[in-house]
Amino acid sequence: MKPADFEFVSTMVRERSGLVLSADKTYLVESRLAPIARKDGFASIDDLISAIRVRRDAKLIDAVVDAMTTNETFFFRDKTPFDIFEQSILPELVARKRGGTIKVWCAAASTGQEPYSLAMIAEAMGPKLGGCKLEILGTDISERCLEKAKAGMYTQFEVQRGLPVQMLLKHFKKEGDAWKIDDRLKTNIRYRTMNLLDDFRALGKFDVIFCRNVLIYFDMPTKKMVLERMAQQVEGPGYLLLGAAETVLGVTDSFKPVAGSRGLYVQDPSKLGAKAAA
Amino acid sequence: MKTCLVVDDSRVIRKVARRILEDLSFRVEEAGDGSEALSFCRSSMPDAILLDWNMPVMNGIDFLRHLRADPGGDRPVVVFCTTENDISAIAQAIESGANEYIMKPFDSEIVQSKFAEVGLVAPV
């Protein structure tokens, strides 16, 4: 792959998704673009890129951006954020909301494992939700991933990563070789294609945002921009959960870390303190 | 060091499982069927058992029921590892006293994830 072509692809991907591809990722770009070139009948990656330069074909561009984003996910990934959600966040929100709606945004929902894990937690809590209803919005830049999330069909491999067998028995049915998630869990989850670089004010306000393992792919100004706009979308004060390798520290002060809860941030801890004391 | 007994009639599967489990710091013992496994447990109870279902002489489910009825047989953590992948089979295994369930084919990631689930290894 020619350096000029790499530059062209990485600029296009960054502008459209925020994803930063450094020059040492050339092999990655090549290995992910080769199947697209093959599928669309191009003789080589060079030909694919030339075609995009000339035709600006939106479908091809989407396919390239989609191929470069990482969709790695599994049920209850990293476990800790889900324990925090169950043991700290939900009880606090249940006490605060008194039977209202708890709104959660999974900002990189990928193929749905994160929103479904949250729905499983909420269902298991039952009466402890004090009549509160959990409403989850799952967004992702990849429409292909969201289609799978909506279908709720997983491979045998996917249902064995992170999912306790009791949860498998409780929430899944076997359909041929695939495992289909219970329709009941889908009721309170909506999915929507969404690029985090775009204006997301129309999504409304949330109590909790899960934005895990996305920011690591962004450059500093993009991280800051996304986090500060997310701070505008939570209220109450609202919570933010980041991935294990991510932090707001040194990026923005619109969220503060919550002591003792790794990966958990809150929009305004002084307000939260005042509320707890009241 | 925790001991894991691998019960499977396939030598190849036992070898693959041994490599994965040794990487997870287990001392690994092997048995080729449920009856051999039961004799092993009656002389020395392992901490964990990775258990196939369909085996000659005594199958996994029958072994598990005998094990759980034995003195101290409630102690080992039992993880099924089998090609049986129907909901009813999984439910039957759990009702018979299995702690977790792996559907073959498996890899080290699945073993680690499932063993973490039942507290045998640190979370992934």
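Below, each value reflects all heavy atoms present in this structure, side chains not excepted, and no hydrogens, waters or symmetry copies. Since this is a predicted model, take the numbers as computed values, not measurements. Numbered from 1 within each chain, the chains take letters A, B, ... in sequence-line order.
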Other residues, nucleotides and ligands only: do more than 12 of their heavy atoms fall within 6.0 Å of [atom1] on [X]?
{"X": "B:Arg65", "atom1": "CZ", "result": "yes"}
{"X": "A:Glu143", "atom1": "CD", "result": "no"}
{"X": "A:Asp177", "atom1": "CG", "result": "no"}
{"X": "A:Arg262", "atom1": "CZ", "result": "no"}
{"X": "A:Lys170", "atom1": "NZ", "result": "yes"}

Which bit of A:Phe76 is near chain B, if near means a heavy-atom gap under 4.5 Å: side chain, backbone, both or neither?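 Answer is neither: A:Phe76 stays 4.5 Å or more from chain B.
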Heavy atoms only: give me the nearest [X]-[Y] pair and the separation to one decimal.
{"X": "A:Gly162", "Y": "B:Ser113", "answer": "N-OG, 3.0 Å"}
{"X": "B:Ile110", "Y": "A:Phe157", "answer": "CD1-CD1, 3.5 Å"}
{"X": "B:Lys114", "Y": "A:Val165", "answer": "NZ-N, 3.8 Å"}
{"X": "B:Tyr101", "Y": "A:Gln160", "answer": "O-OE1, 3.7 Å"}

Quick check for you: to the nearest 0.5 Å, what is the distance between [X] atom [atom1] and [Y] atom [atom2]?
{"X": "A:Leu169", "Y": "B:Glu95", "atom1": "CG", "atom2": "CD", "value": "9.0 Å"}
{"X": "A:Trp179", "Y": "B:Ile87", "atom1": "CH2", "atom2": "CD1", "value": "4.0 Å"}
{"X": "A:Arg161", "Y": "B:Glu117", "atom1": "CZ", "atom2": "CD", "value": "13.0 Å"}

With a 4.5 angstrom heavy-atom cut-off, could you sort out which part of [X] is near chain A: side chain, backbone, both or neither?
{"X": "B:Asn99", "answer": "backbone"}
{"X": "B:Ile94", "answer": "side chain"}
{"X": "B:Glu100", "answer": "both"}

